[in-house]
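Below is one structure; the comments refer to it alone.
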Amino acid sequence: MAEKEQSRLRIFLDSDLVHSFLRSPVAIIATVATLICFAVAILAPLISPHCIEPICLELMNGLNPPAWTADGIPEFPLGTDEQGRDILSAIFHAARISLVVGFAAVGFGLVLGVSLGVMAGYFGGWIDTIIMRLADMQLTFPSILVALLIAGVVRSVITDLSDRGILIGVTFEDVAVFVLIVAIGLSDWPRFARVARGATMVELNKGYVSAAKVLGLPSRRIMVFHVLPNLMGPILVIATIGLALAIISEATLSFLGVGVPPTNPSLGTLIRIGNEYLFSGEWWITLFPALALVILVLSVNIIGDWLRDALNPKLRR
Amino acid sequence: MFSYLVKRIFQSVFVMLAVSLISFVLFTFVGDPVSSMVGQDTTIEQREIIREGLGLNDPFYIQFLHFIGNAVQGDFGQSWFWKKPVHELIASRLPATLELVFVSAILAMVLGVMMGVLTAIYRYHWAARLLLTVSLVGVSLPTFLIGIGLIYLFSVILGWLPSFGRGETVDLGLWHSSLMTVDGWAHIIMPAFTLSLFQMTLVLRLTRTEMLETLQTDFIKFARARGLGKRTVYYRHALRNTLVPVITIAGLNIGLLVAFSIITETVFQYPGVGLMFLKAVTLVDIPVMSAYLMLVALIFVSINFVVDVLYFVVDPRLRTQTT
């Protein structure tokens, strides 16, 4: 068993993918940066130098500039916001929220889009027509607009219901993260559906699918165990680019005020908060979360582009 | 040919119906229109009379038809927060958004084509390569960050440009325009530039590719062989043949500018319809929200329909396929 695992590892290490990765310094840097972001997000509570819960904040520490400036103190390396929240710790926690929303939204869109896409490609006929027409219609609207409209509408519906006492004990703040995940995921499913459908139709013409059909296997089994594993390449590519897009969407919605609330901020929320202090000269509240967002989005994007070129030269635009 | 158009019309109508159903459900079932109209001391019987008078006790489909009938006439009732008819609110803010979109479309086109041509002619120059790399990075950044950066540089540090609002407007009857005053231009230039960046990059890359392709063709070689000047070859002959696809694609993307104007308007607190929608969301102003949904759907459906028809006119293959 162990031997088998080892040889698999060796095959992987010797594959085109790994070779092309090792020859692309940009991809290596981007991967390292992404891994650092992931590590920071996962370990946020352990490595944050300060507690950022409302109870441990002291207003005395408010609006400290970064440590290296004239008025900065070493205790707060990147300064503090108005409530005395340490910016560095806030970024660690915010990266966590941004990544959780990003991954969950892409996961949701992927599962929905790929299942509908595979079904459309496999069955064809009216199922295909209905699913792809729906996708086409949604693609009339840019995905960020769809996400924004869904999040906005759900937000005001929930606010209204809890104001009128119909929905008791739930405020928008409690469910904001889930609303965002669903809104961004729903806005993104047509991309997955299109790619999955196209790839499924290609696979259907291959011998192994006919063989499985002749064996009398049920359609569901063929779709899940035979066709799906062969779609992983193209799906992985759009999922990676989709992750960058989802992080951008989340940050944008939070910046616009229909996303993650300030009580448990994401990177976009931090930038929104900091934006109000830009004019009074407190640039660090905005700049550092913005930099973190840029690094995260750029590196995920670069990995996505690299993957696209490495896995499937045909997808190259 | 006919069936193609019918299909397109059918699809557009379906999208509009779906969106109006959503905004109707919002309009009817969220919030209580009666309690927003009357005071605390109105009795339950009086409220019931008002409900009956408003048609709120009618069956679902009659209310829906009623809603669509009103919507077609542009009547979405009163805004709960601004206490004004919704169509007046939209009419007063739509010019701002349209001017913003218009100016950024022009900016994207002019600057994008210029940079595209230059990067194609001097393709091995270091500046051209730098421009291409920067444009790639710029495209993957969120728009609002670029807007914030511009505000910090030009408004906070340099103090050259105002960072919010529309500035001085001139009343042209139905239309309040900010494009007639210097102050208005000072206000619109930063948001318009921010909004156009994405589109500009697209135009740049497209112009560059098309230009490079055109420069390889025989008629350009012939023009060169005839001894025409570089300028004439590049601008009179090559550029002219490049522009058709560029204009088509840029026109297709006008919808994206409308969508992204929400973000730009928020960053620059520019008083257009997008900013109004976001305010309506935070204030739970349902009539404004449902009117905005319908407006956005109408804009996108119309753009798509026009584009489809144009494709049909331009590309003869579509005509044979569907008949």
Side-chain angles (χ1 to χ4, degrees), chain A residues 133-134 136-146 148-161 163-164 241 244-245 247-258 267-268 271-272 274-275 278-281 283 286-287 289-291 293-294 297-298 300-302 304-305 317, chain B residues 11-12 14-15 18-19 22-23 25-26 29-32 35 136-137 139-145 147-149 151-152 155-157 163-164 205 253 255-256 258-260 262-263 265-267 274-275 277-286 289-290 292-293 296-297 299-301 303-305:
Chain A
R133 266 293 124 82
L134 273 180
D136 280 349
M137 278 184 215
Q138 192 179 321
L139 282 172
T140 317
F141 305 94
S143 66
I144 190 144
L145 185 69
V146 176
L148 175 66
L149 295 180
I150 296 177
V153 167
V154 173
R155 183 195 155 119
S156 51
V157 169
I158 291 177
T159 314
D160 174 69
L161 290 182
D163 281 354
R164 285 198 295 167
I241 296 169
L245 287 178
I247 294 172
I248 290 183
S249 299
E250 184 278 324
T252 306
L253 295 193
S254 296
F255 175 76
L256 296 179
V258 290
L267 290 173
I271 297 168
R272 175 185 173 82
N275 196 25
L278 208 54
F279 280 92
S280 40
W283 48 269
T286 323
L287 180 72
L291 271 183
L293 180 65
V294 167
V297 167
L298 270 188
V300 176
N301 242 335
I302 290 172
D305 280 348
R317 274 185 284 189
Chain B
Q11 196 169 328
S12 309
F14 186 83
V15 172
V19 174
I22 295 170
S23 59
V25 169
L26 259 187
F29 297 106
V30 180
D32 187 359
S35 58
L136 256 194
V137 173
V139 144
S140 44
L141 291 184
T143 344
F144 67 95
L145 282 186
I148 293 176
I151 290 186
Y152 192 65
S155 303
V156 180
I157 295 183
S163 70
F164 64 89
R205 303 189 76 84
N253 277 298
L256 274 181
V258 176
F260 279 101
I262 303 182
I263 303 164
E265 283 173 13
T266 310
V267 177
L275 192 60
F277 170 73
L278 278 178
K279 254 190 198 141
V281 166
T282 22
L283 299 164
V284 197
D285 195 334
I286 300 295
M289 283 175 63
S290 58
Y292 182 80
L293 283 184
V296 166
I299 291 176
F300 276 89
V301 165
I303 292 175
N304 260 49
F305 184 71

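Letters A, B, ... mirror the listed sequences (proteins, then strands); counts begin at 1. These numbers were taken from a predicted model, which means no experiment stands behind them.
Contact annotation: the side chain of B:Ile263 never approaches that of A:Leu148 to less than 4.5 Å [non-hydrogen atoms, C-beta and beyond]. Residues A:Val153 and B:Leu293 form a side-chain contact, since some pair of their non-hydrogen atoms from C-beta on lies under 4.5 Å apart.
Chain A forms the most heavy-atom pairs under 4.5 Å with one residue out of B:Leu256, B:Ile148, B:Thr143, and that residue is B:Ile148. Most heavy-atom pairs under 4.5 Å with chain B: of the set A:Ile248, A:Leu287, A:Leu256, A:Val258, this distinction falls to A:Leu256. Top candidate by heavy-atom pairs under 4.5 Å with chain A, chosen from B:Val267, B:Val281, B:Val156, is B:Val281. Listed options B:Val301, B:Asn304, B:Thr266 were ranked by heavy-atom pairs under 4.5 angstrom with chain A; first place goes to B:Asn304.
For B:Phe300, the ring pair (Phe, Tyr, Trp, His ring centres under 6.0 Å) test picks out A:Phe141, with sequence neighbours left out. Listed by chain and residue number, nothing satisfies the side chain to side chain donor-acceptor pair (under 3.5 Å) test with A:Asn301 (two or more places apart in sequence, or in another chain).
In this structure, chain A has no heavy atom under 4.5 Å from any part of B:Ile303. With a 4.5 angstrom heavy-atom cutoff, A:Leu298 touches chain B only via side-chain atoms. Heavy-atom distances place the side chain of A:Leu293, and not its backbone, under 4.5 Å from chain B. Heavy atoms closer than 4.5 Å to chain A are found nowhere in B:Ile22, neither backbone nor side chain. Neither the backbone nor the side chain of A:Ser249 comes within contact range of chain B; no heavy atoms are under 4.5 Å apart. With a 4.5 angstrom heavy-atom cutoff, B:Ala297 touches chain A via backbone and side-chain atoms both. With a threshold of 4.5 angstrom between heavy atoms, B:Val296 approaches chain A through its backbone and through its side chain.
With B:Leu145 as the fixed residue, the side-chain contact (heavy atoms from CB on, under 4.5 Å) test singles out one of A:Thr252, A:Val297, A:Val294: A:Val294.
Here the closest heavy-atom approach between residue B:Ile286 and residue A:Ser156 is recorded as CD1-OG, 4.2 Å.
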* Asked: Hey, mind stepping through B:Ile262 and A:Ile144 against side-chain contact (heavy atoms from CB on, under 4.5 Å) and telling me if it holds?
  -> CA-CA 11 Å; B:Ile262 303 182; A:Ile144 190 144; over 6 Å; no

* To do: Could you go through the side-chain contact (heavy atoms from CB on, under 4.5 Å) check for A:Asn275 and B:Phe144 one step at a time?
  => CA-CA 11 Å; A:Asn275 196 25; B:Phe144 67 95; over 6 Å; no

